[in-house]
Amino acid sequence: MTNCTAAIELLSVGELIGLPTETVYGLAADATNADAVAKIFALKKRPQFNPLIAHVGSMDMAAAQADFSGKAQQLAEVFWPGPFTMVLPKSASNTICDLARAGLETQALRFPAHPVAQEVIAAFGKPIAAPSANISGYVSPTSAQHVRDEFGANLPLVLDGGSARIGLESTVVAVLNDEVTLLRPGSVSKDDIEAVVGKIGTSLHDDNAPKSPGMLSRHYSPEARLRLNITSPEADEAYIGFGPVAATTTLSLSETGDLTEAASNLYAMIRELDLTYDAIAVAPIPEVGIGAAINDRLRRAAL
Ligand code: TXA
Ligand code: MG
């Protein structure tokens, strides 16, 4: 039996699996099965007011679950499959359980590009709910080993799709009344989106009225104390550098100063240093392109 077959059998009986995507690994369940989705919230210790993304394997599967306005259609054509999630009005034919939406009338959908994710969703034939496969609030996993470290024997199967190519969670936008609002920055940048649909709004986190509850301020956090924009670390701190390695550098996100490489290394390096250090200092990261998403995650991790 291939791993994919085993994955489908587990999903079919309402069990969870670890699923690779190009952004981060997901903790996956049948999105239409409320009992299965409840296991995601329990295993992650995730508050039930925080809705999940449903992953689809085709435009047809997406269109059955949510209403696509003109702009939503355009964005899907450009950014799907890929690291891009849209929050849309749920359709009349939606079959995803209310719990996955945390009772909202809107549905978050993503069509991932990772071949293993695509194979599993196509074979399963239904949307798959999957938040990042970490205990709520901790650093997202970018390898199968990270997921095993997180859940151990409580997760029957983790499909290994290699190191996540992007390494940061997907960009999340809401497309409601044909207006586009950025809810979570990611590797698809605001400029990339505006090149397709013109000016968009931004509504990043507000703890009192979270539009995207996963944007609650503290998130993505290691146990270690994290300090940002540091050029001279303290003696007892691990130092995550960016650019050429200095005498103080413990690990460099990218020795050549490549932001894409830095994003793909960020979570693995934080996880590794969190095992042995009580304090981590991080070099300044340019607020350009995916650098904006890296800084967004670092700010939340440091709270
Ligand atoms: O890259 C990713 O997006 C990964 C992979 C596994 O797909 N998933 C991920 O899921 O990061 P999660 O649950 O960690 O983050 C999903 C975000 C949360 O901030 C959640 O609040 C938001 O999407 N979200 C989901 N449904 C929503 C809705 N109906 N309205 C507003 N925000 C929503
Ligand atoms: Mg998450």
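Note that the coordinates shown come from a computational prediction; the quantities given were computed from them, not determined experimentally. When a ligand or atom number is given, it counts from 1 through the structure's own listing order. Just so it is clear, the values below take in all heavy atoms, side chains as well, and ignore hydrogens, waters and symmetry mates.
Atoms of ligand 1 found under 4.0 Å from any heavy atom of Leu104, numbered from 1 in the order shown, are 28 (C), 29 (N), 30 (N). Set against the non-hydrogen atoms of Pro131, the atoms of ligand 1 under 4.0 Å away are 10 (O), 12 (P), 13 (O). Each of the following atoms of ligand 1 lies closer than 4.0 Å to a heavy atom of Arg46: 12 (P), 13 (O), 14 (O). Listed by number with element, the atoms of ligand 1 under 4.0 angstrom from any heavy atom of Ala108 are 25 (C), 26 (N), 27 (C). The contact set between ligand 1 and Ser132, taken as ligand atoms under 4.0 Å from a residue heavy atom, comprises 8 (N), 9 (C), 10 (O), 12 (P), 14 (O). Atoms of ligand 1 lying under 4.0 Å from any heavy atom of Thr106, numbered from 1 in the order shown and given with element: 28 (C), 29 (N), 30 (N). Those atoms of ligand 1 with a heavy atom of Glu169 less than 4.0 angstrom away are 1 (O), 11 (O).
Residue Ser170 forms a side chain to side chain donor-acceptor pair (under 3.5 Å) with just one option from Thr23, Thr85, Thr21, and that option is Thr85.
No hydrogens or angles considered: a donor-acceptor pair under 3.5 Å links the side chains of Asp192 and Ser189. Judged by distance alone, the side chains of Asn134 and Ser132 do bring a donor and an acceptor atom under 3.5 Å apart. For the residue pair Tyr267 and Glu169, a side-chain donor N or O sits within less than 3.5 Å of a side-chain acceptor on the partner.
We find that Asp98 and Arg101 are joined by a salt bridge, their nearest charged nitrogen and carboxylate oxygen being less than 4.0 Å apart. Under 4.0 Å is where a charged nitrogen must lie from a carboxylate oxygen, and between Glu179 and Lys71 no such pair does. Salt-bridge annotation for Arg110 and Glu22: present, with a side-chain N of the basic residue lying under 4.0 Å from a carboxylate O of the acidic one. The existence of a salt bridge linking Arg225 and Asp278 is excluded, since no basic side-chain nitrogen approaches an acidic carboxylate oxygen closer than 4.0 Å.
Annotation: Tyr25 places no N or O atom under 3.5 Å from an N or O atom of ligand 1; distance criterion only. Checking only distances, Thr23 does come within under 3.5 Å of ligand 1, N or O to N or O. Of the N or O atoms in Thr21, none lie within a sub-3.5 Å distance of an N or O in ligand 1.
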Checking Thr32 against Asp30 for the side chain to side chain donor-acceptor pair (under 3.5 Å) test, could you report, in this order, the C-alpha distance in whole Å, the side-chain angles of both residues, the deciding distance, and whether it holds? CA-CA 5 Å; Thr32 68; Asp30 177 351; 2.7 Å; yes

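Residue contacts with ligand 1 for Ala130 involve N, CA, C or O but no side-chain atom from C-beta outward (heavy atoms, distance under 4.0 Å). Only the side chain of Arg110 comes within 4.0 Å of ligand 1, judged by heavy-atom distances. If you look at Asn50 next to ligand 1, the close heavy atoms, those under 4.0 Å, all belong to the side chain.
Using 4.0 Å as the threshold, Arg101 has no heavy atom nearer than that to any atom of ligand 1.
Distances from the Mg ion (ligand 2) show that Ser136 has no N/O/S atom below 2.8 Å.
Using modelled atom types, no side-chain atom of Thr142 and backbone atom of Ser163 make a donor-acceptor pair closer than 3.5 Å.
Of the options Pro20, Gly26, Ser187, the smallest heavy-atom separation from atom 6 (C) of ligand 1 is shown by Gly26.
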